[in-house]
Amino acid sequence: MGGLYAAAVLLLLASFAVVGARFEMLPHDVAYYLYVSRELLDGAVPYRDYIDPNLPTIIYLGVPVALLSEWTGVPIWTVYRGFVLAIEA
C-alpha cells in the first residue's frame, strides 16, 4: 500500500509541475539557449551564425530537448520542463 501511495503522490506532484510549467515563463537565458539549440539542428554554426560569450557546451546540452521537440511536435519549453522534472526526480 505504501508504494501505491508514493506513486500517487509522485503523480500528483508531476501534474502540478506540468500545469505550473504551462503558465510560467522561461528565464531569458534558457529561452535563448533553447532557441540556439534548435538553430543548430537547422545547420547553424556556433560563433558564425550567433554570438555567445559562453562555451558551446550549454547549447549542445539543449540539442536533445530540441530533437525530442521536433520528433514529437511538443513545444520545446514543455519538453525542457519534462527534462528538468526528470532530472530533479
Side-chain angles (χ1 to χ4, degrees):
M1 190 64 140
L4 183 61
Y5 178 73
V9 169
L10 183 63
L11 182 62
L12 182 65
L13 290 175
S15 65
F16 285 150
V18 169
V19 169
R22 294 192 66 203
F23 300 107
E24 183 181 339
M25 294 185 62
L26 289 175
H28 67 280
D29 55 341
V30 173
Y32 172 75
Y33 293 139
L34 291 176
Y35 168 76
V36 174
S37 296
R38 181 176 284 163
E39 291 296 309
L40 282 177
L41 293 178
D42 292 335
V45 176
Y47 306 107
R48 185 193 74 189
D49 297 326
Y50 64 88
I51 304 294
D52 189 48
N54 301 309
L55 295 174
T57 310
I58 188 69
I59 295 166
Y60 292 145
L61 289 173
V63 169
V65 175
L67 272 174
L68 189 61
S69 173
E70 283 191 12
W71 289 343
T72 61
V74 176
I76 194 167
W77 60 86
T78 306
V79 176
Y80 169 76
R81 299 283 187 196
F83 268 67
V84 170
L85 184 63
I87 290 170
E88 289 177 349

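- Counting non-hydrogen atoms of neighbouring residues, nucleotides and ligands closer than 6.0 angstrom, the OH atom of Y50 exceeds 12 such neighbours.
- When the side chain to side chain donor-acceptor pair (under 3.5 Å) test is applied to Y80, no partner is found at least two apart in sequence or on another chain.
- Contact detail for I51 and Y32: the closest heavy-atom pair is O-OH, 2.9 Å.
- By the rule that hydrophobic residues join a cluster once side-chain heavy atoms approach within less than 4.5 Å of another member, Y35 and V74 end up as members of separate clusters.
- For L41, the side chain to side chain contact (heavy atoms under 4.5 Å, CB included) partners at least two apart in sequence or on another chain are V63, A66, L67, E70.
- Remark: D49 engages A44, V45 in a side chain to side chain contact (heavy atoms under 4.5 Å, CB included) (not counting sequence neighbours).
- Residues that satisfy the side chain to side chain contact (heavy atoms under 4.5 Å, CB included) test with F83, not counting sequence neighbours, are P64, V65, L68, V79.
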Extract all donor-acceptor atom pairs below 3.5 Å that involve side chains of residues 52-62 and protein atoms in other chains or at least two apart in sequence.
| residue | atom | partner | partner atom | Å |
| --- | --- | --- | --- | --- |
| N54 | ND2 | Y33 | OH | 2.6 |

